[in-house]
2 protein chains.
Amino acid sequence: MAGRAAVPEVIWARPERTGRGPKPAFTRADIAAAAVRIADADGLDGVTMRHVATELGCGTMSLYNYVPRKEDLYELMIDAVGAEHEMFEPTGDWRADMLRNAEETRAIMYRHTWVPRLMPGVFGFSPNTLRYLEHCLACLEPLDVPAGTKTELIALLNGVVTTYTGNEIATAERTRSMPWTAEEENAVRMAYLGSQIATGAYPRMTAAFTEQSGPVDLEAVFRRALERVLDAFDPESRQSG
Amino acid sequence: MAGRAAVPEVIWARPERTGRGPKPAFTRADIAAAAVRIADADGLDGVTMRHVATELGCGTMSLYNYVPRKEDLYELMIDAVGAEHEMFEPTGDWRADMLRNAEETRAIMYRHTWVPRLMPGVFGFSPNTLRYLEHCLACLEPLDVPAGTKTELIALLNGVVTTYTGNEIATAERTRSMPWTAEEENAVRMAYLGSQIATGAYPRMTAAFTEQSGPVDLEAVFRRALERVLDAFDPESRQSG
DNA sequence: TCCTAGTTACGTACAGCGTACGTAGTGCGC
DNA sequence: GCGCACTACGTACGCTGTACGTAACTAGGA
């Protein structure tokens, strides 16, 4: 035991105020808000300890009194936007409710485009994350399956929302710090894809790509994916075909 | 137009050899292999331009002759491991074939734990990615749905594989560069979660957590998710309940 | 009431990153 | 055989997260 580095506490287990010493100049909420403001404006890469400290008006290293590691700052940010989830009263129609939850998550992500990039790593049980989980379970009350299946539904649905919305955002945001636009980049990629398909090396892809006409409706693709996932858990849907 | 920065070519559109000047000392495959070796051994964060150059035995900046941006190095890496996919002869049972594809992707990710971290950003159409897509379409030949639905199936399935396997790997690898183990960290997190649930603020979560006994079988959870997704596209399954 | 220990605040410093730029050497195409 | 596109690579810049040391502050215990 002696000399072993202690495992750091989860930040939520850390009390904001310990009682001794000078009064902290900021609350955790202040810091989270500042970081979120920066991320919204400059992207996630703009969120540096220095930048956040400047935004708060304090020295860089002072931040470390509140946030032991940068990762914890991320957790604060995720929790902060988690508060934007509307925890509405369940209607009794679990499908509609979960659909609404998913669309809301998607909307939050479009409002804060850095969220999907943080999601896979930051899975911590922040207060608002727990509240959202509880809310989802409340929406799923009418669904007659074991509790374990419900959590699996929530996980799968959240994963799909994050993946789809995250991909859309990533392609749009990739060029944020670059001297060309997302459209230009996409055109180059598509031109290359076209040239590859034109070689005839991928006949089935050729068929798939020539079939569709016009641009892809990402919103529609997203919604179809959600419906499919919900279908897979819906006893009604599976009997009626 | 004048003075505008040109959109950089996709790296696959760049010829490896232009004909003029000294012979390149390495091939793209050499570089990809070196980067993959490092990532496997030291994790993705070990893959730095300096490190890869050292592994190859050349100066750091020489690498930029082959790989204009680090992002392109990532694309090389993804393509390299894409070669590990076995493009088997479709059996006629599309469900079984797609399940096999998914399990293979999962296996590749466990062999190269950095792959999921790269997937969301690097969606490029590398040669091996295209070959894999074509292979999936071949497996889906027996499924009687529009080609667009098939690509949506592939996307959804791949997304689920990446999300689930990526999450598992992330929790296990998070502590790679830290002085404590993943088990210790997980214990701390779970202790906190337990303390939160014990407050009674999340009654439905309490029920869900007390219901299950013993550790979660991640492999089983993963496989159930795959089955659900496939169900959602399977006409047979939806009629027979 | 005063002392002291635990905090807060923050400047300095370090190791590491991606990569812009300049220069020197090489060998193919004209 | 000349010229130029290419390879090679050292140096340098601006940026990152954060370890560490020091000074100021304040609440709890004597």
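A, B, ... follow the sequence lines: proteins, then strands. Residue 1 opens every chain.
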Quickly work out the [X] [atom1] to [N] [atom2] distance and round it to whole Å.
X	N	atom1	atom2	result
B:K70	C:dG16	NZ	C1'	12 Å
B:D45	D:dG17	CG	P	13 Å
B:L44	C:dG18	CG	C1'	14 Å
A:E16	C:dT8	CD	P	11 Å
A:D30	C:dT8	CG	C1'	15 Å
B:E71	C:dG18	CD	C1'	13 Å
A:F26	C:dA9	CZ	C1'	10 Å

Can you find a side-chain donor-acceptor pair between [X] and [Y] that sits under 3.5 Å?
X	Y	value
B:E16	B:Y66	no
B:T60	B:R50	no
A:N65	A:S62	no
B:H112	B:D40	yes
A:T113	A:E173	yes

Inset, instruction - Could you walk me through whether B:E86 and B:R131 pass salt bridge (Lys or Arg N to Asp or Glu O under 4.0 Å), step by step? - result: CA-CA 11 Å; B:E86 198 183 335; B:R131 291 205 317 135; over 6 Å; no
Inset, instruction - Scan residues 48-68 of chain B against DNA chain C and write down, sorted by residue number, each residue with any heavy atom closer than 4.0 Å; if none is found, say none. - result: B:T48, B:M49, B:R50, B:T60, B:M61, B:Y64
